[in-house]
Structure formats: structure tokens, C-alpha cells
Amino acid sequence: MDSPATSLPAQRVIEPSILYFGTPVVLITTRNPDGTPNISPMSSAWALADRVVLGLTSASQGCTNAVRTGQCVINLAEAAQWQRVESLARTTGRREVPAEKAAMGYYHEPDKFAAAGWTPVASERVAPPRIGECPLQLEAEVVAVHAPGGGAWRHDGEHGFAIIETRVLRVHAHAAITIPGTSHIDVARWQPLFYVFRHYVAAGKDMGRTFKAEA
Ligand SMILES: Cc1cc2nc3c(=O)[nH]c(=O)nc-3n(C[C@H](O)[C@H](O)[C@H](O)COP(=O)(O)O)c2cc1C
């Protein structure tokens with residue numbers, strides 16, 4: 001009889017340049033110092049209870065804005081919107097584009113709503129607008145900003161990224177992805193967009209549900 005090790009698939013040690021194993025594409029809306037809105041595409045986000053934790057590079061305008069104002073909206077893109085997300089991929093709301101970003105072709109875009117054709121919709125609990133076309137929009141406040149490795153994050157260039165802990169204050173959903181008469185999301189209709197090792201990927205088929213599933 002084969003030993004367990006030999007019956008497993010062949011395995012290798014690899015050294016991938018990034019560890020983006022697959023998380024949803026999120027568009028963070030924040031307010032710039034002059035009051036205009038900014039959109040930051042990102043994917044390092046996870047949720048537990050009423051918290052959503054975001055990993056944002058310190059060089060991004062979205063990070064600066066979220067920390068300064070204590071507010072953001074976490075807009076979840078759907079699979080069909082990947083090209084609109086990608087149309088913002090080389091943009092930054094920062095007037096002075098960091099040298100390493102400029103070298104990669106990034107440019108300053110002061111109006112990302114217009115650039116990508118998104119529609120700003122007034123939020124109810126926070127100042128940054130929501131993105132009307134995104135099927136899920138989470139209004140949130142920043143409750144803590146952690147440095148990698150622990151401790152408080154400082155915007156002095158010491159930390160490459162911030163771990164921003166937000167509390168969701170209000171959830172908006174397109175009615176079409178909800179189950180009428182409930183607060184449940186219809187997972188047959190909600191088609192999130194995932195970022196998997198720098199590819200945009202749509203969710204596969206529904207394989208089943210956990211015992212706690214409500215719908
Ligand atoms: C699909 C996608 C996922 C991204 N994920 C992240 C991320 O998780 N964290 C991050 O800091 N930047 C991420 N980026 C890069 C930011 O979008 C980029 O730094 C951008 O310039 C931020 O815009 P801002 O400077 O206006 O905030 C991602 C970009 C794309 C296109």
C-alpha cells in the first residue's frame with residue numbers, strides 16, 4: 001500500500017513574487033483634502049463581524065485619505081466590471097506621483113469617477129461617496145491603523161503599508177442581488193470579482209453551503 005506522502009500530488013517549493021492567492025476586488029472611496037473624491041482599487045481586504053481590514057500601501061492617496069479623515073466606503077466590484085477597474089490601475093490620486101510608480105507608468109488622475117465612468121452616490125454615514133454601479137457598498141469608519149508587525153502605523157515612510165481596521169456602519173446592496181424581504185445576499189446573483197495572482201477572475205459555481213448559511 002502507498003504511504004500517504006506518495007499518494008499526494010507532487011509538490012515543490014516555490015518563491016512567488018506576490019502572495020495574492022485570491023481576494024475580492026474592492027474600490028475604496030475616500031475624500032481628498034480639497035473635498036473631491038478618490039477611488040483606490042485594492043484587493044487586500046477581509047471581513048469578520050462588523051470589521052473589514054484593509055491593507056493599503058503608505059504611498060497611496062487612499063491610505064493617506066482614510067487615515068486623515070477616518071472614513072471610507074468599501075465598494076465591491078462585480079466580475080463584469082474588471083475592465084473598468086483595470087482602467088484605473090495605473091492611476092493615483094496623489095498629485096506628486098511617487099518615483100517608483102512613475103517608472104511603472106502611473107499618472108495622477110484627479111477625477112477617477114469620470115475616468116472610469118463610475119457614478120458617485122451620496123453616502124449616509126460618511127463623507128466619501130459610494131460607487132453607484134458596485135453591487136455592494138459598505139460605508140465604514142476607521143477604528144485603528146496598525147503597522148506591519150504590530151504597533152501604531154506612522155505616515156513617515158517607515159512603514160511600507162498600513163493595516164487599516166474599519167467598522168462598517170451601513171451596507172447598501174443592489175436590490176437585484178438580495179433576496180426580497182430579507183437582508184440576505186442571493187449568492188446565485190452576486191458575482192464578485194476576484195484578484196488571483198494578478199489576474200481578474202470570476203467566481204466558479206456554487207459548490208454547497210456551510211451549516212450556518214442563512215440563504
Ligand atoms: C486589482 C488591483 C488590486 C490592488 N490591490 C491593492 C492592495 O490590496 N493594496 C494596495 O495598497 N494597493 C493595491 N493596488 C494598487 C493601488 O490601486 C495603487 O497603489 C493606486 O495607485 C492607489 O490609488 P491612490 O494612490 O489614488 O490611492 C491594487 C491595484 C489593482 C488594480
Side-chain angles (χ1 to χ4, degrees), residues 16-47 51-118 120 127-129 131 133-134 136 138 140 142 145-148 153 155 157-166 191-203:
S17 61
I18 39 87
L19 297 170
Y20 302 153
F21 44 75
T23 44
V25 172
V26 177
L27 298 165
I28 303 294
T29 43
T30 54
R31 276 192 117 185
N32 295 314
D34 65 4
T36 58
N38 189 48
I39 302 175
S40 308
M42 61 89 70
S43 63
S44 299
W46 56 264
R51 304 298 161 94
V52 175
V53 178
L54 310 169
L56 283 177
T57 59
S58 302
S60 69
Q61 186 65 38
C63 179
T64 305
N65 287 347
V67 173
R68 187 189 70 256
T69 65
Q71 296 184 335
C72 66
V73 181
I74 299 157
N75 303 274
L76 280 295
E78 65 183 357
Q81 294 170 332
W82 77 268
Q83 284 163 314
R84 267 165 120 176
V85 173
E86 181 60 16
S87 74
L88 295 177
R90 287 179 194 265
T91 66
T92 175
R94 277 187 71 160
R95 286 183 200 286
E96 292 175 15
V97 182
E100 63 276 15
K101 275 189 163 176
M104 287 189 280
Y106 279 78
Y107 57 93
H108 173 229
E109 175 51 71
D111 190 349
K112 296 198 198 179
F113 273 96
W118 301 113
I131 298 177
E133 289 82 359
C134 288
L136 274 172
L138 317 179
V142 174
V145 185
H146 309 277
W153 175 85
H155 201 307
E158 184 183 332
H159 305 300
F161 63 92
I163 301 163
I164 301 178
E165 182 183 342
T166 70
Q191 300 290 313
L193 174 63
F194 290 99
Y195 197 50
V196 184
F197 289 101
R198 294 200 169 114
H199 286 241
Y200 295 103
V201 175

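Just so you know, ligand 1 is whichever comes first in the structure, and atom 1 is the first atom listed for that ligand. This one's a predicted model, so the numbers in the text were calculated from it and none came from an experiment.
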Exercise for the section: Provide the closest heavy-atom pair for A162 versus V145 in the form atom of the first, atom of the second, distance. Expected result: CB-CG1, 3.9 Å
Completion exercise
Between P128 and V73 the two heavy atoms that sit nearest each other are O-CG2, 3.4 Å
Completion exercise
Applied to residues 63-76, the salt bridge (Lys or Arg N to Asp or Glu O under 4.0 Å) test, sequence neighbours excluded, yields none
Exercise for the section: Using ring pair (Phe, Tyr, Trp, His ring centres under 6.0 Å) as the criterion, list what pairs up with H146, not counting sequence neighbours. Expected result: none
Completion exercise
For residues 74-84, the side chain to side chain donor-acceptor pair (under 3.5 Å) pairs (sequence neighbours left out) are T29-N75
Practice task
Please examine the side chains of P148 and H159, heavy atoms only from C-beta on, and report whether any two atoms are closer than 4.5 Å.
Solution key: yes
Completion exercise
Near ligand 1 (heavy atom, under 4.0 angstrom), the protein residues are N38, S40, P41, M42, S43, S44, G55, L56, T57, S60, Q61, G62, A89, T91, T92, G93, K101, Y106, K112, Y195, Y200
